[in-house]
Amino acid sequence: MNFISFLADRFRANADVTAVVWNEQGYTYGQLFSFYQTSFQKLESRGITTGSICSLEGDFSPHSIGMLLALIARGAILVPLA
């Protein structure tokens with residue numbers, strides 16, 4: 001989490017503030033942080049570690065944002081696909 005710890009701090013400090021709007025629904029920084037934590041745990045349970053090569057296929061949804069941040073935090077080599 002060292003790579004994004006400054007973001008995590010901001011997300012927690014602004015938990016009730018709207019961070020993104022997707023499909024006409026607002027999502028707070030707190031929700032994004034929750035999506036990040038869930039994604040981080042999924043990656044950890046699957047053995048994704050520093051240097052793991054991963055692709056992320058998705059749109060710009062809040063869940064994709066959480067997974068992107070979790071992959072960065074895990075130190076994965078990331079290939080984003082739209």
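None of the values given here were measured: they were computed from a predicted structure. The basis for the numbers below is simple: all heavy atoms, side chains too, and nothing from hydrogens, waters or symmetry mates.
A distance-only check finds a donor-acceptor pair linking the side chain of Q31 to the backbone of T28 [under 3.5 Å]. S39 contributes a side-chain N or O that, together with a main-chain N or O of F35, makes up a donor-acceptor pair within less than 3.5 Å. Side-chain atoms of S52 do not come within 3.5 Å of backbone N or O of A76 as any donor-acceptor pair.
For the pair I4 and Y36, the minimum side-chain heavy-atom distance is below 4.5 Å. Taking 4.5 Å as the limit, some side-chain heavy atom of L43 sits within range of a side-chain heavy atom of M67. Residues L32 and F11 have side chains in contact (heavy-atom distance under 4.5 Å, counting atoms from C-beta outward).
S61 OG to L68 CG: the interatomic distance, rounded to the nearest 0.5 Å, is 10.5 Å. For the atom pair CD1 of I65 and CG of L56, the computed distance is 10.5 Å after rounding to the nearest 0.5 Å. Atom CZ of R46 and atom CZ of R74 lie 12.0 Å apart (nearest 0.5 Å). A distance of 8.5 Å separates NE2 of H63 from OG of S34, quoted to the nearest 0.5 Å. To the nearest 0.5 Å, atom OH of residue Y29 and atom OG1 of residue T18 are 9.0 Å apart. Taken from CG in L69 to CZ in F40, the straight-line distance is 11.5 Å, to the nearest 0.5 Å.
Taking all atoms of both residues into account, the shortest heavy-atom contact from C54 to I48 is SG-CG2, 3.8 Å. Here the closest non-hydrogen pair linking L81 and S55 is CD1-CB, 4.0 Å.
Within a 6.0 Å sphere centred on CG of D59, heavy atoms belonging to other residues, nucleotides or ligands number more than 12.
By the criterion of side-chain heavy atoms lying less than 4.5 angstrom apart, applied directly or through intervening Ile, Leu, Val, Met, Phe, Trp or Tyr residues, V17 is grouped together with F33 in one hydrophobic cluster.
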